[in-house]
2 protein chains.
Amino acid sequence: MPKLDESLLIGLPPFSLLARSQIREILDQAVSRRYDEGTAIFREGHDADRFFLLLDGYLRVIRSTPGGDQIIVLHISPGQLFGIAPALQRDTYPATSIAAAESLALSWPVRLWSEFTANYPGFATESYKTLGQRLGQIQETLTEMATQAVEKRVASALLRMVHQSGRKVDTGIEIAFPVTRQNISDMTGTTLHTVSRLLSAWQKDGIVESSRKRIVVTDPHRLVVLSDLQG
Amino acid sequence: MPKLDESLLIGLPPFSLLARSQIREILDQAVSRRYDEGTAIFREGHDADRFFLLLDGYLRVIRSTPGGDQIIVLHISPGQLFGIAPALQRDTYPATSIAAAESLALSWPVRLWSEFTANYPGFATESYKTLGQRLGQIQETLTEMATQAVEKRVASALLRMVHQSGRKVDTGIEIAFPVTRQNISDMTGTTLHTVSRLLSAWQKDGIVESSRKRIVVTDPHRLVVLSDLQG
DNA sequence: TCCAAACGTTGCTCTGAAACAAACTCCCGG
DNA sequence: CCGGGAGTTTGTTTCAGAGCAACGTTTGGA
């Protein structure tokens with residue numbers, strides 16, 4: 001394990017109030033690991049023995065049913081803590097996380113959680129804030145799933161990904177990690193067929209451009225209209 | 001405001017480790033209030049200036065869309081903390097809570113939150129545990145909503161209510177608070193018509209008995225089969 | 001270089017459940 | 001005791017979107 005550089009953590013909310021020496025100490029206790037696209041970082045139901053910080057890449061957090069269906073609950077982007085089951089007194093992970101792109105994450109054993117929250121000002125606060133945002137976001141997804149038609153859900157899902165990971169390219173805003181039609185259907189509770197049709201239609205209308213695993217939103221505003229419009 | 005009795009809090013998880021004198025102190029700072037069926041305790045988006053403990057009754061936690069649809073995210077039963085936005089660094093409530101039956105709740109101003117977590121052992125722990133359970137539960141609901149057919153969702157919703165509030169009656173297990181067909185459709189993202197048909201069919205099959213706002217599950221096992229069965 | 005697997009597209013059919021419509025029943029308040 | 005509103009039931013119609021099928025395209029590895 002190569003020695004980690006302090007600059008990795010400086011500026012990230014959970015550690016923003018800390019002195020360089022404290023960051024050094026935190027880093028010295030961390031394990032860093034790279035994950036190939038498609039690899040699981042941890043799985044639903046397994047012992048929650050570590051908590052993580054994503055440094056680079058993107059993750060999908062998924063839950064599956066006994067029947068084999070699965071849905072993508074949310075995405076994690078760089079700088080976020082994840083797998084923070086210990087914060088909620090859980091001893092197993094409630095969901096599975098998979099690298100959506102090649103990713104790099106730090107992790108610490110759970111026993112350090114209480115140490116971090118006790119010693120480092122703002123660490124607990126920031127973690128719970130993150131949790132609060134996720135809870136709110138999931139509630140919103142749930143509401144949408146229960147009340148909105150497929151077309152709107154797919155439009156919203158695209159907008160969420162653009163919002164979380166969008167980067168400017170010449171023709172619009174590109175989602176920064178690979179996304180298949182199947183992935184989108186797993187976010188919206190529909191089928192890949194329906195998603196494919198929608199994307200084709202939107203491409204014809206000049207709202208998106210998509211190729212294999214890659215999506216560029218060329219007209220975000222019209223997508224907002226699609227996702228918002230009552231009726 | 002009549003003086004509150006210590007026995008109200010004794011035995012409830014957030015306060016279970018406390019001495020009588022500490023409970024007295026907590027109670028002296030509480031406001032107690034009764035809510036008629038259908039009354040809102042707080043509303044989505046409003047300033048989160050208090051946090052609450054439900055002593056008696058049941059609450060529905062709902063979220064609404066701009067388009068006027070609404071869904072029931074979860075129910076709160078006696079003994080649970082709710083409206084604990086301050087724990088998550090939120091300054092507004094993320095959802096609305098409505099008394100599903102006549103209810104009684106204590107509340108405290110948010111500024112006491114940090115005091116409680118600092119002074120009373122186990123208070124923070126218990127609160128975050130509750131939050132963790134809710135997060136897990138909502139994720140499960142979301143998964144179900146995205147993958148399961150209406151019939152299964154309605155069966156699961158009934159089972160969840162039975163599990164949370166069921167009380168034995170001579171013909172089976174009764175859901176302890178008033179539930180309309182509309183309420184169930186708001187939990188499952190369908191229409192009251194569909195729910196009505198399902199309940200009629202299940203009544204014919206001897207699985208449930210229902211009258212206006214009242215539901216008794218007479219054959220929980222068959223309901224489990226309906227909610228579980230793959231395909 | 002070629003093959004196979006992964007990913008994407010498109011047409012067609014069929015059905016679950018929403019939408020629309022109309023009574024019916026219970027309960028509460030005047 | 002009566003009237004009206006809230007909640008429920010049931011029938012009929014309609015259609016979005018799932019399911020099925022078949023084919024096209026890209027990509028990476030042998």
Side-chain angles (χ1 to χ4, degrees), chain A residues 36-38 60 65 67-69 71 98 100-102 144-155 157-158 175 177-205 208-216 226 229-231, chain B residues 36-38 60 65 67-69 71 98 100-102 144-155 157-158 175 177-205 208-216 226 229-231:
Chain A
D36 284 332
E37 186 180 331
R60 285 193 288 270
T65 67
D69 302 302
I71 75 142
I98 306 270
E102 183 174 343
E144 190 182 283
M145 197 75 79
T147 62
Q148 306 294 83
V150 168
E151 185 178 32
K152 293 182 189 184
R153 304 209 299 268
V154 173
L158 288 186
I175 294 168
F177 51 89
V179 193
T180 65
R181 310 291 184 264
Q182 177 69 57
N183 291 155
I184 298 176
S185 72
D186 287 345
M187 298 176 68
T188 52
T190 179
T191 61
L192 78 162
H193 308 266
T194 298
V195 172
S196 180
R197 283 179 236 273
L198 284 172
L199 288 183
S200 297
W202 290 342
Q203 178 136 358
K204 206 162 294 172
D205 292 353
V208 303
E209 276 169 14
S210 67
S211 49
R212 165 170 276 246
K213 292 197 176 194
R214 181 171 176 275
I215 297 177
V216 178
L226 281 173
L229 219 56
Q230 268 54 265
Chain B
D36 285 332
E37 187 180 329
R60 285 192 287 270
T65 66
D69 302 303
I71 76 142
I98 306 270
E102 184 174 343
E144 191 181 282
M145 197 75 78
T147 62
Q148 306 294 84
V150 168
E151 186 179 34
K152 293 180 188 186
R153 303 208 303 267
V154 173
L158 287 186
I175 293 167
F177 51 89
V179 193
T180 66
R181 309 291 184 264
Q182 178 68 56
N183 291 154
I184 297 175
S185 72
D186 288 345
M187 298 176 69
T188 52
T190 179
T191 60
L192 80 161
H193 307 263
T194 299
V195 173
S196 180
R197 282 179 235 272
L198 284 172
L199 288 183
S200 298
W202 289 343
Q203 178 137 359
K204 206 162 295 172
D205 292 352
V208 303
E209 277 171 16
S210 69
S211 49
R212 165 172 276 246
K213 290 195 176 198
R214 181 171 175 277
I215 296 176
V216 179
L226 281 172
L229 218 56
Q230 267 55 265

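Every chain is numbered from 1, with letters handed out A, B, ... down the list of sequences.
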Measure CD/B:Glu151 against P/C:dT15 and give the value in whole Å, please. 17 Å

Length of the line joining B:Glu209:CD and D:dT8:P, which is rounded to integer Å: 16 Å

Would you tell me if any nitrogen or oxygen in the side chain of A:Thr194 comes within less than 4.0 Å of OP1 or OP2 on D:dA18? yes

Any donor and acceptor pair, going by atom type alone, linking the side chain of B:Gln203 with main-chain N or O of B:Ser210 inside 3.5 Å? yes

Could you please name the option among C:dC27, C:dA6, D:dA18 that lies closest to any side-chain atom of A:Arg212? C:dA6

Would you check if B:Thr188 and B:Val150 make a side-chain contact, meaning some heavy-atom pair closer than 4.5 Å? no

B:Asp69 CG to C:dA18 C1', straight-line distance once rounded to whole Å: 13 Å

Ignoring hydrogens and angles, are the base of D:dT8 and the side chain of B:His193 linked by a donor-acceptor pair under 3.5 Å? no

Under 4.5 Å between any side-chain heavy atoms of A:Asn183 and A:Phe177, yes or no? no

Which whole-number value in Å describes the distance from A:Arg214 CZ to D:dT26 P? 14 Å

Between D:dT9, D:dA18, C:dG8, spot the one nearest the side chain of A:Thr180, thanks. C:dG8

Among the nucleotides D:dG17, C:dT9, C:dA18, which one has an atom lying closest to any side-chain atom of A:Ala149? D:dG17

If only side-chain N and O atoms of B:Ser200 are considered, is one of them under 4.0 Å from the OP1 or OP2 phosphate oxygen of D:dT10? yes

Using OP1 and OP2 only, check whether a side-chain N or O of B:Thr191 sits under 4.0 Å from C:dA17. no

Can you identify which nucleotide, out of C:dT9, C:dC27, D:dT9, has its nearest atom closest to the B:Ser196 side chain? D:dT9

Answer with base, sugar-phosphate or nothing: what part of the nucleic acid does A:Thr190 contact at a heavy-atom distance below 4.0 Å? sugar-phosphate

So does B:Gln182 get a backbone contact from the side chain of B:Ser185, meaning a donor-acceptor N/O pair under 3.5 Å? yes

Check the distance between D:dT9's C1' and B:Ile184's CD1 and give it to me in whole angstrom. 14 Å

Would you say that A:Ile71 contacts B:Met145 through its side chain, given a criterion of any heavy-atom pair below 4.5 Å between the two side chains? no

Identify whether any heavy atom of B:Leu199 sits under 4.0 Å from a base atom; if not, whether one sits that close to sugar-phosphate; answer base, sugar-phosphate or nothing. nothing

Rounded distance in Å - CG (A:Asp36) to C1' (D:dG28): 14 Å

Rounded interatomic separation in angstrom, taking CG from A:Leu198 and C1' from C:dT9: 13 Å

Output the single nucleotide from D:dA18, C:dA18, D:dT9 whose closest atom is nearest the side chain of B:Val150. C:dA18

Ignoring hydrogens and geometry beyond distance, is the side chain of B:Arg197 in donor-acceptor contact with the base of C:dA17 at under 3.5 Å? no

Check the distance between C:dA17's P and B:Met145's CE and give it to me in whole angstrom. 13 Å

